[in-house]
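Input: a single structure, listed below in C-alpha cells.
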Amino acid sequence: MKTIVAKFGGTSLASADQFKKVHAIIAGDPARRIVIASAPGKRFAEDEKVTDLLLKCYEDAAAGRPFEPTLESISQRFGEIIDGLNLDFPLAREIASLREHLLDSPDRNYVLSRGEYLNSRILAAFLGFTFVDPEWCVCFDGTGRLDMAMTRRTMTAALRPLQNAVVAGFYGADMSGRIHTLSRGGSDVTGSLVAAAVDADLYENWTDVSGLMAADPHIVEDPKTVKYVSYRELRTLSYMGASVLHTDAVLPVADMDIPINIRNTNRPEDAGTTIVRKLPKGETKYPIIGVAGRVGMSVIQVEKLMVSDESGFTAVMLDMLKNRQIPFEQCLTGIDTVTVVIKSDVLAPYKDELFAEIRDRLKPDYLGLTENLSMIAVIGEKGTDSCDANVRVLQALAKMGMPISTINQGAGKLNLLIGVPEERYEEAIQAIYATIEEDPL
Ligand code: ASP
C-alpha cells in the first residue's frame with residue numbers, strides 16, 4: 001500500500017479552521033497515513049507562534065519572573081482550537097503539569113517541545129489517529145546530537161504496527177529520557193526522518209505557500225512557482241536564503257530517493273513544488289530554476305607575483321581561517337591571486353588580526369578587502385551547464401552597468417555565483433529573473 005507522510009507546519013495548524021482544512025486534506029487520500037504536526041503558528045502577521053510564547057514562559061520562569069500571563073495565552077490558544085473542534089481534551093491537566101514544571105526546575109527543551117506535543121495530541125484526537133510521542137522514537141545522544149541511524153530503527157519499529165499515526169515534530173529524547181529539540185523549524189526534519197523510516201512513497205510538506213518561488217517575492221513581483229527542483233538545487237536555494245524547508249530536511253529523504261512535495265494547506269488544489277533526484281518520465285523542467293542571494297559579504301583579495309608556481313599558498317591562507325574557525329563562502333584562485341568570500345559579520349571580529357597574519361605569513365604584493373557585497377546564485381543543474389545561459393545572465397547585468405566583483409562556477413555546475421555591490425543587489429536579482437522569465441534559459 002502506498003504511504004504518504006504529510007507534515008503540517010505551524011500556520012496550517014494555527015486555529016480550529018486550519019485543523020479542519022488539514023482534516024479534509026488527510027481524508028482526500030487514504031495514503032496519507034502518517035502525519036507530523038508543528039505547534040500552532042501565526043494566524044495573522046502580528047500574531048505570536050506558540051513556540052515563541054513557550055520560550056518566553058521558560059525565560060521568565062528561569063529568571064524568577066512571573067510567567068502566568070504568557071502561560072494563560074498558550075492555554076487560550078489551545079483552548080480555542082479544542083473548542084472549535086468540539087473535542088474532549090484534558091487541557092487543564094496538561095497546562096497544570098507544565099506550570100508545575102516551570103515552577104520546579106524548568107528545562108528549556110522540555111518547555112519548547114510542549115507546543116508540538118499538545119498540538120499533535122489534539123490533531124490525533126481530531127483525526128482518530130494514534131498519537132506517537134517522539135520522546136520514544138526520535139533519538140538524541142547524550143550531547144544532544146540527533147542520532148539518525150538509531151532514530152530510523154526506532155521509528156520504523158514504532159510505526160510498523162500502526163495503520164495511522166500523528167507524530168509530534170521538533171523534538172526527541174536521549175537514552176536517559178531527557179528531551180532535546182531540533183533547531184527552529186525542525187518539524188520539517190522530523191517529517192523527513194519519519195518518511196525515511198517508513199520508506200514512504202512521498203513526503204508532503206504542507207505550509208502556507210504553494211511551493212518554492214523562482215525568486216524572492218519581496219524583490220520580484222509575482223515570481224513563478226517552480227514545479228520541479230532537484231535535491232541539490234534545493235540545498236542551494238535554502239542555503240541562499242529561500243526559507244520554505246529546513247535545510248536539514250533534505251538529507252534523510254534524499255538518501256532514499258523519496259520525493260518531497262511542498263504544498264499549500266490554504267490552496268490544496270495547487271500542485272506545489274516537487275523535489276526529486278530524477279524527473280518523472282515525460283516531465284521537463286527549466287534549466288535554470290531560480291535566482292537567490294545574500295547580502296553582507298566581504299571579499300579578501302591576496303596577490304603575489306609568481307604565487308601560481310608556489311605550492312601551499314592557498315593552503316596557508318585557508319589555514320589562517322581554519323585556526324580561527326572562520327567559515328568561508330567561496331575561495332577562488334587565479335594566476336597569482338587568491339580571493340576568499342566571507343560573511344562580513346563573521347569576519348568583523350577577526351579582521352585586523354587576520355590581515356596582520358596574512359601580511360606576516362604570505363608577504364603579499366597586494367592585500368585588499370571589499371565590503372558590502374552581495375552574492376547572487378543563478379541556480380540550475382542544467383542551466384549552468386550551458387555557456388549560453390551564463391552569457392545571457394552576464395549580458396543582462398552588463399546592460400545595466402552592473403559592476404561584478406566575482407564570478408564563480410565550479411565543475412559541479414550547479415550554480416553560477418556572482419558578486420555585486422549590496423546596494424544594487426535587488427536590481428541585479430530583478431534583471432536576472434527577467435532573463436529567466438522571458439526566455440527560459
Ligand atoms: N514550532 C517550532 C518552531 O516554531 C518547530 C517547527 O515549527 O517546525 O520553530
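FYI, the numbering just counts along the sequence from 1. In this text the structure is predicted, and so the values were computed from the model without any measurement.
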Taken to the nearest 0.5 Å, the spacing of Ser113 OG from Ile179 CD1 works out to 5.0 Å

Check your understanding: Is a side-chain N or O of Ser374 found less than 3.5 angstrom from the main chain of Val420, in a donor-acceptor match?
Key -> yes

Hey, does the side chain of Ser210 reach the backbone of Gly272 with a donor-acceptor pair shorter than 3.5 angstrom?
no

- request: May I ask you to say whether Asp60 pairs ionically with Lys56, meaning some side-chain N is under 4.0 Å from a carboxylate O?
  value: yes

Check: Distance-only, no hydrogens or angles: does the Gln430 side chain make a donor-acceptor pair with backbone N or O of Ile219 under 3.5 Å?
Finding: yes

inquiry  = Within the 3.5 Å criterion, strictly below it, is a donor on Glu269 or Asn264 matched to an acceptor on the partner's side chain?
reply    = no

- Query: Would you say the side chain of Val229 lies within less than 4.5 Å of the side chain of Ile379, judging by non-hydrogen atoms?
  - Reply: no

Worked check of side-chain hydrogen bond (donor to acceptor under 3.5 Å, both in side chains) between Gln330 and Asn408: CA-CA 8 Å; Gln330 296 172 52; Asn408 180 13; 2.9 Å; yes

Are any of the side-chain heavy atoms of Leu162 and Val132 separated by less than 4.5 Å?
yes

Test your reading of the model: is there a side-chain donor-acceptor pair from Ser344 to the backbone of Gly296, 3.5 Å cut-off? yes

Does the ring centre of Tyr117 sit less than 6.0 Å away from the ring centre of Phe131? yes

What one should report as the nearest heavy-atom pair of Phe126 and His23 is CE2-CB, 3.6 Å

Lys7 side chain near Ser187 side chain, heavy-atom distance below 4.5 Å: yes

_Any side-chain heavy-atom pair of Phe129 and Leu123 under 4.5 Å_ = no

inquiry  = Using a 6.0 Å cut-off, check whether atom CE of Met175 has over 12 heavy atoms from anything other than its own residue.
reply    = no

Query - NZ/NE/NH1/NH2 to OD/OE distance under 4.0 Å, Arg77 and Glu48 - result: no

One should read off an interatomic distance between Ile275 CD1 and Leu212 CG, to the nearest 0.5 angstrom, of 5.5 Å

Gly419 backbone acceptor or donor facing Ser405 side chain under 3.5 Å | yes

Fill in: Pair Thr273-Leu234, side chain to side chain contact (heavy atoms under 4.5 Å, CB included): steps then yes or no
CA-CA 11 Å; Thr273 300; Leu234 178 76; over 6 Å; no

- request: Measure from the side-chain N and O atoms of Arg32 to the backbone N and O of Val5, and report whether any donor-acceptor pair falls under 3.5 Å.
  value: no

Next on the checklist: Main chain of Trp206, side chain of Arg263: is a donor-acceptor contact present, judged purely on distance under 3.5 Å?
Outcome noted: no

With side chains defined as the heavy atoms from C-beta onward, is the minimum distance between Asn205 and Leu245 less than 4.5 Å? yes

In short, Pro252 meets Met148 closest at the heavy-atom pair CG-SD, 4.1 Å

Rounded to the nearest 0.5 angstrom, the CG-CD distance for Leu373 and Glu423 is 9.0 Å

Open item on the list: Keeping Tyr58 on the side-chain end and Asn109 on the backbone end, is there a donor-acceptor pair under 3.5 Å?
Closed with: no

NZ (Lys21) and CG (Leu13) are apart, to the nearest 0.5 Å, by 11.5 Å

Yes or no on side-chain hydrogen bond (donor to acceptor under 3.5 Å, both in side chains) for Glu233 and Asn415, after CA distance, side-chain angles and deciding distance? CA-CA 8 Å; Glu233 289 166 339; Asn415 3 255; over 6 Å; no

_So Thr154 and Val138, do their side chains get closer than 4.5 Å, heavy atoms only?_
no

Heavy-atom closest pair (Gly169 atom, Ile36 atom, distance to 0.1 Å) is CA-CG2, 3.8 Å

Step-by-step side chain to side chain contact (heavy atoms under 4.5 Å, CB included) determination, Asn164 to Ile34:
CA-CA 6 Å; Asn164 302 300; Ile34 317 281; over 6 Å; no

**Q.** N-O pairing of Arg99 and Glu68 below 4.0 Å
**A.** yes

CG (Asp88) and CG (Asn86) are apart, to the nearest 0.5 Å, by 10.5 Å

**Asked** Thinking salt bridges, do Glu116 and Arg121 make one under a 4.0 Å N-O criterion?
**Response** no

* To do: State whether Lys278 and Asp257 are salt-bridged, where the test is any N-O pair (Lys NZ or Arg NE/NH1/NH2 against Asp/Glu carboxylate O) under 4.0 Å.
  => no

inquiry  = Given the ring of Tyr110, does Arg108 sit roughly above its face, with NZ or CZ under 6.0 Å from the centre of the six-membered ring and within 45° of the axis?
reply    = no

Phe140 backbone acceptor or donor facing Asp147 side chain under 3.5 Å: no

Only one of Val253, Ile4, Thr3 passes side chain to side chain contact (heavy atoms under 4.5 Å, CB included) with Leu202, and that residue is Ile4

Practice task
Determine, stepwise, if the pair Ser15 / Arg43 fulfils side-chain hydrogen bond (donor to acceptor under 3.5 Å, both in side chains).
Solution key: CA-CA 7 Å; Ser15 66; Arg43 295 159 294 182; over 6 Å; no

- Task: Flag yes if more than 12 heavy atoms outside Asp345 fall under 6.0 Å of its CG atom; otherwise flag no.
- Result: yes

Taken to the nearest 0.5 Å, the spacing of Met150 CE from Asp141 CG works out to 9.0 Å

Handout entry: Lys/Arg N to Asp/Glu carboxylate O, Asp270 vs Arg267, below 4.0 Å
Key = yes

Item to complete: Flag the pair Asp201 and Lys2 as a salt bridge only when some basic side-chain nitrogen lies within less than 4.0 angstrom of an acidic carboxylate oxygen.
Response: no

Legend entry - CA sep, side-chain torsions, deciding dist, call: Lys224, Tyr433, side chain to side chain contact (heavy atoms under 4.5 Å, CB included): CA-CA 10 Å; Lys224 64 179 191 226; Tyr433 180 78; 3.6 Å; yes

Check your understanding: Judged by atom type as modelled, is there a donor-acceptor pair below 3.5 Å linking the side chain of Ser97 to the main-chain atoms of Arg93?
Key -> no

Check: Does any non-hydrogen side-chain atom of Val111 lie less than 4.5 Å from one of His101?
Finding: yes

- Query: When you look at Phe89 and Ile122, which way does the side chain to side chain contact (heavy atoms under 4.5 Å, CB included) test go after all the steps?
  - Reply: CA-CA 7 Å; Phe89 188 87; Ile122 295 168; 3.9 Å; yes

Around Arg184, counting heavy atoms of other residues, nucleotides and ligands shown, do more than 12 lie under 6.0 Å from its CZ? yes

query = Thinking salt bridges, do Asp199 and Arg152 make one under a 4.0 Å N-O criterion?
reply = no

Under 6.0 Å between the ring centres of His180 and Tyr171? no

Side-chain touch Glu94/Arg114, heavy atoms, less than 4.5 angstrom = no

